[in-house]
Every structure is written in C-alpha cells, then in structure tokens.
> 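Provided herewith is a single structure, encoded as structure tokens, for subsequent inquiry.
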Amino acid sequence: MAMEITQFLLAAQSADTKIRTQAEANLGQFQEQNLPIFLLSLSVELANNDKPVESRRLAGIVLKNSLDAKDSVRKEALIQQWMMIDINIKSQVKDSLLRTLGSSVAEARHTSAQVIAKVAAIEIPRKQWPELIASLLNNMTQLDSPAPVKQATLETLGYVCEEISHEDLVQTEVNSVLTAVVQGMNLSEHSPEVRLAATRALYNALDFAQSNFENEMERTFIMKVVCETALAKEVEIRQAAFECLLQEFESPESGDSAPPHSHFIEKALPSLVPMLLETLMKQEEDQDQDDNVWNISMAGGTCLGLVARNVGDAVVPLVLPFVQSNIVKTEWRCREAATFAFGSILDGPTVEQLTPLVSSGLDFLLNAMKDENNHVKDTTAWTLSRIFELLHSPATGFSVIAPEKLEQIVAVLLESIRDAPNVAEKICGAIYYLAQGYEDDETSGSLLTPYLTSIISRLIEAASRTDCGDSKLRSSAYETLNEIVRCSYLPETSNIIAQLLPVIMSKLGETLEIQVISSEDREKQGDLQASLCGVIQVIIQKLSSTDQTKPILLQAADHIMILFLKVLGCHSSTVHEEAMLAIGALAYASGPEFGKYMPELYKHLEMGLQNFEEYQVCSITVGVVGDISRALDDKMLPYCDGIMSHLIRNLQSPELHRSVKPPILCCIGDIALAIGEHFEKYIPHTLPMMEGAAEHCVKLDTSDEELLDYANQLKKSIFEAYSGILQGFKSGKSELMVPFAGRLLQFIELVFRDQNRDDSVSKAAIAVMGDLADALGQNAKGLFKDCSFCVEFLTECLESDDEQLKETADWTKGMIGHIMNS
C-alpha cells in the first residue's frame, strides 16, 4: 500500500537548508528500508491530480532516477532492483504511470511518458509488459480520447522506441505503432501539440520501419506525410519533420553498421523529388530580404540539398528536366525555382556528373545576373558561390573555371556587387570562394592577381554602402576582403597589400571620430571597428610570412599599435576580441621589439583577464598573453607577477567558464618557456594546481560527449603546460621538477589507458615524456626504468597513421634511450 509522501517531497524543495536536508534524509531512509512501497508511493503521487504540481514533479524525477543512470554499473544495479520487486507492486506502479497520461497537468504527462519508457527499456527486452503497446495504441484509437492524452501517448511511444531495439517488437506491433504515429501527424485531424509529438515519435520509430519501407506504397505514404509536415506553419513541427528527414539522410557510407532506413530516400526518389521541386515554386515576395526566413520554398530547397547529399548522382536526372523547362520561362518564380534547384544539388553528385552541366550552364548563370527580378539575381549569385565553393579547386587539379573565362566572371561579379544589398552580399560569397579556390596553387594562383586591385576597391566600396538596413553586407564584404588577402600570391601582390594597409588603418582611425550618442551608435561603431581590426590582422599575418615583406609591416607597426590601443579604449567586447587577436599577430611578427608597447598595453591585458562575464574576451586575452610571451622571451619578466596572479586566480575561480581553463594552462607553459629559470617562484602555486587539474580530468563523466571534448582539451593543455615548464628549466634548475615527475608519469599512464583520448592528447602526452627525459636527464632514469607502460605507449604511437605523432614518438624514444644508455 502506498504511503503519503507529499510533505516530504515539498520539504525537499524548501529554500531552508535545514528543512530540505531533513526531508531528503527521510526520503532516502524510506527508499532504503522499503524500495517497492517507495516507488509505488512515488507513482501514486505522480498520478494524483489533487496533489501539488511541485510534489508530482519531484516524484516523477525521483522515480525516473530510480530506474536509470548514466553510469553503466549503477544502471545495471537499478535494473536488478526493479526486477526483484513483487510483480503486483510493479503492476500497480505501471498502472499509475499509464493513468497519468490522462492528467490535466502537462508536466505530469510528460514526466510519466519518460518513466514509462524507462520501465519499458527494462521489461520489453525481457518479454515482460506485453500489453504496453496495445494499451498505448488504444489511447490513439478511442474516438473520445482527448488531444492531451493522444499527445502524451505519442510522446510515450517516441520515448519507448528510443529506449528499446527494433528487434524487441514483432512486425504487427511495429505496423500499429507506425500507423498511429503517422496518423497523429495528420494536419486536418489533430492539434499542433499532437502533430508535434507524433513527428518527434516518428524520428525514434524510423529504426523500426525497415520492412515498411520495402513496400513502395507504405514508403511513399510515409515520405509524403513527412514532407507535408516539413511545410507546416509551426516552426517546431517543421524542425521535427526535418530531423526525421535528416535521420534518413545521414546514413553511414557502407558496411554492416548501416541503419535499417539507410536506403529509404533512394527508394522514395521518384515520388519525393517531384514533390520537393513543386515546393520551390511557392516563393514569397519578400523572402530574399531576410536570409533567416523559413517558408515552403526554402524548406523544399534545403530538403532537396539533403537528398542530393544522400543519393548523389541519382538525383540529377530527376532535377535536370525541371531546371531546363523552367529556367527560360517568363514567370520569375519559374526561373528562380530552376536556379534554386540547380544550386541545391551541387553537393552530392560526382564531379564527373556535374562538370558538363555546370560548364554548359555557367554562361547562362552569368547572364542571369542581369535578370530584371531581384529574387532571380539573389538565387543566381548564391548558386555561383556554390559552384565556386564546390567545383573550383585548381590546387587539387580540378576547376570548372577555364582560365579564359576568368575575366568574364570577374567582370560580372564586380558589376553585380553594386546591385541591391541582398544580391551584393551573395556576390561577396561568390568572390570569397573564387579566391579561396586559387589558394596554395602557384601556377593558377597568379591568375587572379591582375584583377586584385579592382576586386579590393569594389569590396571596400560595398562595405561603405549606406543603402542597407543592417551591417550584413559590410561584414560579408570585409570577410571576403580578408580571404582575398589571405589567398593572394604574395610574390606578385605584396605591393597591393602594402597599399591596402594604410587605407584600412585610415578607416579604423575614422571610426574613433564617430559621434556616439546611443547604444545603437556604440554597437555600429564596435562592429565596424571589429571588421577593420580583422582585416589588419590578416594583412599583418600575410606580410609577416616572408622576410622580404616583413619590413613593410614593421615600418607601420607603431602607428598600428597606437590605433589598436585607442580602439581598446572604446570598451566594446566585440572590438576587444578582434583587436586582441590582431595584437597577438603583431606581437608574433615584431618579436622582442614588441616589448616597447607593453607599458601601455598591460592595463588592457589585465582588464581582459578579469572579464569573466564576457569569457570569450578573457579566453582570447589569455591566448594573446601566450603570443606575447613567445615574442618577448625574458623581456616578459617585468609583467609576469601580475599576469601569473590573474591566471592562477582564474584557474581557481568557479565563476569563470570552464572553456577558458585549458588556454590558461597553455599560457602558463608559454610564460614558463619564455622566462626560463625565473619561473621558479611560481612553482609552489602552479604545480599543485596542475596536479589538481589532472585529478579533475580523471573524474569527468566522459560518457557525455561535451565533457569528453573538454576532458581531452584539458589533458592536452596540462601536458603542454608541463612541456613549457620543463623546457624552460632545461638549461638550469631542472631539479625543481623532480618531485613532480612521478605524478606526471602516473597521469600520463592514466591517459594512456583511456580509450577515449584523441591523437592530439596522445601527441602532447608523448611529447611531455620526451621533455621529461630531456630536461631531467639522469634524474629521470629511475622513473623510466620502472615505467612499463612507456614502451607500450611509444609502440602504439610509432604505429600510428599520424605522421606528426610518429615523429614525436620517435624523438621521445630517442630522448629516453639516451638517458637509459648513458
């Protein structure tokens, strides 16, 4: 018999710590002393519409957590606990859960759906609870079943399908589930809430539908419903439908691991593609004014692109007749739809299939940039950018752009960039990818050089336009300018880039004179300054990349730095980030000479390091401190006390976003390497923190993908910090690291045993082993003599396909061998 636990559940949520702690203890004691009645009491609480929402919510959460856990060992223990409970008690719990699906409280229905799925995950694979599916389907077929019950039932079916395998249900059950779900998506019969739950349920049910998709009639019907749902006016329903399509599109390339639905799209092509092409004709008059708009036409084009990526060449013969018949029609909707269709299928089919089509159609597209309709020009510009992005890469030996066509292409682009802002923005994208294609190809890289001055001039003109409502065109123009500079062939373009530098510097200086009255003025000023700092950064990196062009940059360094310091004084986080990144590039280019800017720059570095709220600013500032340390070497020493105190404080702070912690550790390694034996004073504070970070790595729950990525970043940064310190002490005082060497090797072994480490972590771990041997010499001989895992680790890395990892492992093997044999 269930116990009354409402007051305990409410007290467990009290703001009063004493009351909350006592209530939690009481609930815990009840759970330990009589688990079956405890679970029954929770289910009764959840099902009771007369109980407070707060107690029902917590009852559901506790019940769910009593059935499942992320940790596999804990999860298995919970399963065994449930299996040992008397069948009558379990039946009562399940009845309460099913009853809750009819609750008037949405949160209770939702929680119950999740808990039912957790019970199903335990029982259905063991051939228990056979009546569950029938009971849920009954909710869907009863004529008087309210919409909330149907919504909760579909949600439950989705969760159940997510938890169990398709092998756990017989085909008749699968058929019934799919029928209920697909019927639940019907626009004319159900409310938006029911249709959303049905669409989300289908996402999880697709793995069960292999046999159904073998049947052409069933396959066509399901795909038709999904495509129609993808055009729903409700954003959430459209998104859920597209997730269903993505589930089908994202099939593995080959092998036995392919999901049962991996060929659904291919089989559905004859009916699916015509339906999608039809949607492309349903444009809205103002759709090109906002790239974020989502309508039937945009949805159809997005879906067609996913189809092309999934089936490749097979889509071309189905789309080409539509393009050919509509591209020349007088109705603008037909021309735009044909162009959109062509651009949408460029990613997926083979180069061999696309090349003749694009080559023959390129002239037509270039001429279409003079079309009388803005929509057509907008989509044509987008399609050209897709062609240049996907089918233009001379460095790899392939491009649809014949050298003799380049002059015509550039002329059209430079004329069209003066078109309406939305068209001009797409043209910027086309120029961006056109330039990018010539990168790293000395033979054809110079083909663009004769046009570079004109392109740069038009991009600056586009960035300065005042006829657009927002800064999107300006941002695109400056991003494209960056790519033009970055990809240019420097032996031929150094003078052009040298002439561009004072132009951009002058524009940045002009922003400091802008009258700022409102927050909107401040934002506009900040965005413009950020873009201009970004261009200067790219110019700095380009000119400093060769000894021949570096002097051009260094002559302007003082003026550049004065501008950056003034910009930092504007206190805009966006500008701060871009200016700091550019300062880091200038420090790298200037070397020790950068020290003359430090007295004035230091206060801005301190401000950045203390900016926890805008943590990206803090992270970038940390990176710049590392850049400056590498540039200045021991000239960094006068600023180290202040900087190190900030870095250590930041590492300790729970308020600073965790993503900043790995860069801080790397920065500490850079500082240690820069100042060498002077780092001794920071050892008592720094090394214990690094060891604490290593212990923290081991405790992270790496079953969570996000935490796994963070754990790998943290491990890599810890090793890089150790490497910097060891290398810094190599020429003197390396004995200071002896007390920490054993624990470092223990951490390396833990990382070696971790199957989730990536190659970058392995590389950093192997490198620090070499640094340990190199820096400590004979002091490390005993450690490596007893280190059996080192041989295994080195062997694994030496057999890797990663050449850098193999080189690092080979060097480390030599370092260890040297001390062991001496």
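Sequential numbering from 1 along the given sequence is applied to the chain's residues.
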> Hey, are Tyr602 and Glu606 close enough side-chain-wise for a donor-acceptor pair under 3.5 Å?
yes
> Counting distance only, does the side-chain N/O of Asp670 pair as donor-acceptor with the main-chain N or O of Gly724 below 3.5 Å?
no
> Does the side chain of Val567 reach to within under 4.5 Å of the side chain of Cys533, using non-hydrogen atoms?
yes
> With sequence neighbours left out, what residues match His559 under ring-ring contact (aromatic ring centres under 6.0 Å, His included)?
none
> Any side-chain to backbone donor/acceptor pair from Lys282 onto Ser297? Under 3.5 Å, distance only.
no
> If you measure only the distance, is there a donor-acceptor pair under 3.5 Å linking the side chains of Thr546 and Thr549?
yes
> Table please: side-chain donor-acceptor pairs of residues 594-601 below 3.5 Å, with sequence neighbours left out.
from	atom 1	to	atom 2	distance (Å)
Lys596	NZ	Asp558	OD1	3.1
Tyr597	OH	Asp558	N	3.4
Tyr597	OH	Asp558	OD1	2.5
Glu600	OE2	Lys603	NZ	3.3

> I'd like to know if the side chain of Arg309 reaches the main chain of Asp347, judged simply by a donor and an acceptor atom lying under 3.5 Å from each other, with no hydrogens or angles considered.
no
> Has Ser506 got a side-chain atom pairing as donor or acceptor with Pro502's backbone, closer than 3.5 angstrom?
no
> Quick one: does Ser619's side chain have a donor or acceptor within less than 3.5 Å of a partner on Tyr615's backbone?
no
> Do Asp802 and Lys763 sit within salt-bridge range, that is, some charged N less than 4.0 Å from a carboxylate O?
yes
> Taking the side chain as everything from C-beta on, heavy atoms only, tell me whether Leu406 gets closer than 4.5 Å to Tyr451.
yes
> Decide whether a cation-pi geometry holds between Arg630 and Tyr588; the criteria are a distance under 6.0 Å from NZ or CZ to the six-membered ring centre and an angle within 45° of the ring axis.
no
> Under a 3.5 Å threshold, yes or no: a donor from one side chain and an acceptor from the other, between Thr511 and Gln525?
no
> Can you tell me if Asn326 uses its side chain to pair, donor with acceptor, with the backbone of Phe322 under 3.5 Å?
yes
> Do the side chains of Arg474 and Glu479 get close enough for a salt bridge, i.e. N-O under 4.0 angstrom?
no
> Assert yes or no for the condition that the ring centre distance of His657 to Phe612 is strictly below 6.0 Å.
no
> Classify the side-chain pair Lys405/Gln408 by whether it contains a donor and acceptor separated by less than 3.5 Å.
yes
> For residues 410-421, please give each side-chain donor-acceptor pair under 3.5 Å, one per line with the distance, not counting sequence neighbours.
from	atom 1	to	atom 2	distance (Å)
Ser416	OG	Val412	O	2.9
Arg418	NE	Glu461	OE2	2.8
Arg418	NH2	Glu461	OE1	3.0
Asp419	OD1	Lys377	NZ	3.4
Asp419	OD2	Lys377	NZ	3.0

